[in-house]
Undergrad: 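Quick one: the structure is below, and I'll ask about it shortly.
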Amino acid sequence: MPELPDVEVFKKEAEKALDKEIETFHGKESKLLSHTEKEINGFLRGKSFHKAYRRGKYLFLITNSPKAVAMHFGMTGVLTYSAKEKDPPPYTLCSFYLKNQHGLHYISRRKLGKVELTRDYQEYIRQNEIGTDALEISKKDFLKKLNESKSMVKRFLTDQSALSGIGNIYADEILFQVKLHPKEKTYELTDNQKEELYEQVRKVLKTAVEKQADVKKFPRHFLLPVRKEGEKCPRCERSIEKISVSGRTGYYCKHCQKPG
DNA sequence: CATAATGTTTAAGA
DNA sequence: GTCTTAAACATTAT
């Protein structure tokens, strides 16, 4: 789930918890957490989150800027805000309880994410090499990075240090919209294709954010609702095929997305 | 029971 | 140093 549009949804959820005093943090010791529950409480108790900031797939809950809680959602992470009287959702790994009797819950079935304290989130961004957000990057910078790349387009799109926020699923969608084969080399692209790639990165991500990352609400010409082997291509109705690119399984239409 | 899954990191080979 | 693959991580869903 958690690529840029999903994390944008979590950001909206986190914003419900802004400027409310933090009462306590609950979270069992795990690889997810950078500190112990006690330490996190020492850091947060009595304070409030004043801003939620998303960069790529990361979300920062900023307390006293630049101090923040940094979150990454791995493959299955979710963030929800709900009344304290309700039980935390299944697979909740840690929770921030507020004085207003609500809690912000970090949920994950597989524990591949991160919840970390940082004294400076800008520094955290540098250390973790989180590139410019895919919706923030200018055309000029995008083309510059693209021209520096020597890999396959899909690899380029999902490289978080080049531009951040695009994962396996949205890369497939963007490539489908641009009609590019996922294994096409970046240096083989024409200038027109490069520009079109930039435009579709924005268009696909903006659409997904508008639809709250809910695949059921996506336009009919999108690949994602039928992103499965043997489904019909929304454009030519031929069969969607599976392909392995840069270590991940991709889905594409062999007819519409021809290699160059 | 075996396999794949929205992510990242690390090791190894070209 | 660059690029690519494979495996590891932890766990569930099919």
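Naming convention: chains lettered A, B, ... in sequence-line order (proteins, then strands); numbering from 1 in each chain.
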Undergrad: Which pairs pass side-chain hydrogen bond (donor to acceptor under 3.5 Å, both in side chains) with one or both residues in residues 15-25 of chain A, sequence neighbours excluded?
TA: Glu13(A)-Lys16(A), Asp19(A)-His50(A), Glu21(A)-Lys99(A), Glu23(A)-Lys84(A), Thr24(A)-Asn41(A), Thr24(A)-Arg45(A)
Undergrad: With a cut-off of less than 4.0 Å, is there a side-chain N or O of His72(A) near OP1 or OP2 of dT8(B)?
TA: yes
Undergrad: Assess whether a salt bridge exists between Glu195(A) and Lys139(A), defined as any Lys/Arg side-chain N lying under 4.0 Å from an Asp/Glu carboxylate O.
TA: yes
Undergrad: Quickly work out the Tyr106(A) OH to dG7(B) P distance and round it to whole Å.
TA: 13 Å
Undergrad: Should the pair Lys47(A) and Phe43(A) be classed as cation-pi, given the thresholds of under 6.0 Å to the six-membered ring centre and 45° from the axis?
TA: yes
Undergrad: With sequence neighbours excluded, tell me which residues meet side-chain hydrogen bond (donor to acceptor under 3.5 Å, both in side chains) with Gln177(A).
TA: Glu173(A)
Undergrad: When you check the gap from the basic side-chain N to the acidic O, do Arg227(A) and Glu231(A) get nearer than 4.0 Å?
TA: no
Undergrad: What residues form a side chain to side chain contact (heavy atoms under 4.5 Å, CB included) with Glu129(A), not counting sequence neighbours?
TA: Ser161(A)
Undergrad: Nearest whole Å is fine: how far is dT8(B) C1' from Asp159(A) CG?
TA: 12 Å
Undergrad: Dot-bracket for DNA chain C: what is it, with Watson-Crick or G-U pairs under 3.5 Å, [ ] where a pair crosses earlier ones, and | for a pair to another strand?
TA: .||||||||.||||
Undergrad: Only pairs under 3.5 Å count here: list side-chain donor-acceptor contacts from residues 89-98 of chain A, not counting sequence neighbours, and write none if there are none.
TA:
from     : atom 1 : to        : atom 2 : distance (Å)
Thr92(A) : OG1    : Pro89(A)  : O      : 2.6
Ser95(A) : OG     : His105(A) : ND1    : 2.7

Undergrad: To the nearest Å, how far apart are Asp172(A) CG and dA4(B) P?
TA: 16 Å
Undergrad: Please identify the 5'-most and 3'-most nucleotides of DNA chain C with any atom under 4.0 angstrom from a heavy atom of chain A.
TA: dC3(C) to dA13(C)
Undergrad: May I ask you to verify if any side-chain N or O of Thr76(A) is less than 4.0 angstrom from the OP1 or OP2 atom of dG7(B)?
TA: no
Undergrad: Judged by each residue's nearest nucleotide on DNA chain B, which is more toward the 5′ side, Asn128(A) or Tyr251(A)?
TA: Tyr251(A)
Undergrad: Between Lys154(A) and Asp172(A), is there a salt bridge with N-O shorter than 4.0 Å?
TA: yes
